[in-house]
Amino acid sequence: METPRRVEIGRLGKTYGLEGALKFRGEPVVLELRRVYLEGLGYRAIREARTLNREIVLYLAGVGSLEAAQALVGLRVYADVSELPKLEEGTYYYFELVGQPVYVDGQPFGEVVDIQEGPQDLLVIRARGRSLRAQHKTYLVPLQAPYVRLEPEGIHIEAIPGLFE
């Protein structure tokens, strides 16, 4: 049997209340899932997931006390890719962008190796080159910039002055 492909969607934060709830730091897609995979522990069904003052609170099966919840604080949370909700055409989960080829002004340039999330999410692009030095150089490009297009064959970027210097 093939192991399901999983992606990290967040981490368990501080405990909430006395009945085993935990705050969740990560992707809001967790609100639509029936179960998650906890780092080193395996699958846990989500009994309830709700937002509270812009934070997500999870109630997991088998976690019914403050003590049980405290043992889970800080664990990474994963979801099976096959269980993620389908997105509208033309929209993507960030994990789907990692590994995508990047073209600058129509020419092959490199590939996406990571996404840095923040006030403005950034593509981390590793250039392809003939020299070892060129192969280890990375560039940060704002994902939502008007000069970045996500196409089926890869990510197309129109170079603007200073972007790749």
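The structure presented is a predicted model; accordingly, all values stated were derived computationally and were not measured. Starting from 1, each residue takes its place in the sequence as its number.
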> Can you name the closest pair of heavy atoms from A21 and V57 and give their distance?
Replying inline: CB-CG1, 3.7 Å

>> Could you check whether any side-chain N or O of S65 sits under 3.5 Å from a backbone N or O of A68, counting only pairs where one atom can act as donor and the other as acceptor?
In response: yes

>> Looking at every heavy atom in both A79 and L33, which two are closest together, and how far apart are they?
In response: CB-CD1, 3.7 Å

> Would you say the side chain of L52 lies within less than 4.5 Å of the side chain of Y16, judging by non-hydrogen atoms?
Replying inline: yes

>> Whether the R50 and Y59 side chains hold a donor-acceptor pair (N or O, under 3.5 Å, no angle test) is what I'd like checked.
In response: yes

>> Are the side chains of L140 and L123 in contact, using a 4.5 Å heavy-atom criterion?
In response: no

>> Please verify the inter-ring angle class for Y37 with Y43; under 30° counts as parallel, over 60° as perpendicular, anything in between as tilted.
In response: perpendicular

> Can you find a pair of side-chain heavy atoms, one from V77 and one from L38, that are under 4.5 Å apart?
Replying inline: yes

>> Please give me the minimum heavy-atom distance between R128 and P108, naming the atom from each residue.
In response: NH1-CB, 4.4 Å

>> Can you tell whether the side chains of R149 and E158 come within less than 4.0 Å, N to carboxylate O?
In response: yes

>> I'd like to know whether Y94 forms a side chain to side chain contact (heavy atoms under 4.5 Å, CB included) with D121, so could you lay out the CA-CA distance, the side-chain angles of the two residues, the decisive distance to 0.1 Å, and finally the verdict.
In response: CA-CA 10 Å; Y94 281 176; D121 296 342; 2.4 Å; yes

>> As a quick check of understanding, evaluate side chain to side chain contact (heavy atoms under 4.5 Å, CB included) for D105 and I157, giving each step before the final call.
In response: CA-CA 6 Å; D105 295 332; I157 299 172; over 6 Å; no

> Does D114 reach the main-chain N or O of V124 with its side chain, forming a donor-acceptor pair under 3.5 Å?
Replying inline: no

> Between V7 and L84, is a side chain to side chain contact (heavy atoms under 4.5 Å, CB included) present by the stated rule, with each step listed?
Replying inline: CA-CA 10 Å; V7 292; L84 293 172; 4.1 Å; yes

>> Please find the pair of heavy atoms, one from Q120 and one from P142, that lie closest to each other, and give the distance.
In response: NE2-CB, 3.4 Å

>> I want to check something: taking the side chain as every heavy atom from C-beta on, are V73 and L12 in contact at a cut-off of under 4.5 Å?
In response: no

> Between CZ of R25 and CD of E55, what distance do you get to the nearest 0.5 Å?
Replying inline: 10.0 Å

>> Are L143 and L97 packed together at the side-chain level, in the sense that at least one heavy-atom pair is separated by less than 4.5 angstrom?
In response: yes

> Which heavy atom in G20 sits nearest to a heavy atom in V63, and how many Å separate them?
Replying inline: O-CG1, 3.3 Å

>> Grouping I, L, V, M, F, W and Y whenever their side-chain heavy atoms are under 4.5 Å apart, do Y139 and Y103 come out in a common cluster?
In response: no

> Taking the side chain as C-beta and beyond, is there a heavy-atom pair between L72 and T15 under 4.5 Å?
Replying inline: no

> When you measure from the side chain of E111 to the backbone N and O of P101, does any donor-acceptor pair fall under 3.5 Å?
Replying inline: no

> Does I46 belong to the same Ile/Leu/Val/Met/Phe/Trp/Tyr cluster as I56, with side-chain heavy atoms less than 4.5 Å apart forming each link?
Replying inline: yes

> Crowded around E19 CD? As in, over 12 foreign heavy atoms under 6.0 Å?
Replying inline: no

> Got a salt bridge between R35 and E83, using NZ or NE/NH1/NH2 to carboxylate O under 4.0 Å?
Replying inline: yes

> Taking the side chain as C-beta and beyond, is there a heavy-atom pair between R6 and V81 under 4.5 Å?
Replying inline: no

>> Walk me through whether V148 and V141 qualify under side chain to side chain contact (heavy atoms under 4.5 Å, CB included).
In response: CA-CA 9 Å; V148 175; V141 176; 3.8 Å; yes

>> Tell me the closest heavy-atom pair linking V104 and A159, and the distance in Å.
In response: CG1-CB, 3.8 Å

> Does F109 reach the side chain of H156, with side-chain heavy atoms less than 4.5 Å apart?
Replying inline: no

> Is there a path of hydrophobic side-chain contacts, each under 4.5 Å between heavy atoms of I, L, V, M, F, W or Y residues, that connects I9 with L75?
Replying inline: yes

>> Quick check against the 3.5 Å criterion: does R47 have a side-chain atom that pairs as donor or acceptor with the backbone of L60?
In response: yes

> Does R11 use its side chain to pair, donor to acceptor, with the backbone of G74 at less than 3.5 Å?
Replying inline: yes

>> Could you measure the distance from the NZ atom of K23 to the CG atom of L58? Nearest 0.5 Å is fine.
In response: 12.0 Å

> I125, L122: one ILVMFWY side-chain cluster at the under-4.5 Å cut-off?
Replying inline: no

> Do E96 side-chain atoms and Y93 backbone N/O form a donor-acceptor pair below 3.5 Å?
Replying inline: yes

> Should the heavy atoms of other residues, nucleotides or ligands under 6.0 Å from CG of L18 be counted, would the total exceed 12?
Replying inline: no

> Does one hydrophobic cluster hold both Y92 and F95, with members joined at side-chain heavy-atom distances below 4.5 Å?
Replying inline: no

> Atom CD in E48, atom CG in L31: separation rounded to 0.5 Å?
Replying inline: 10.5 Å

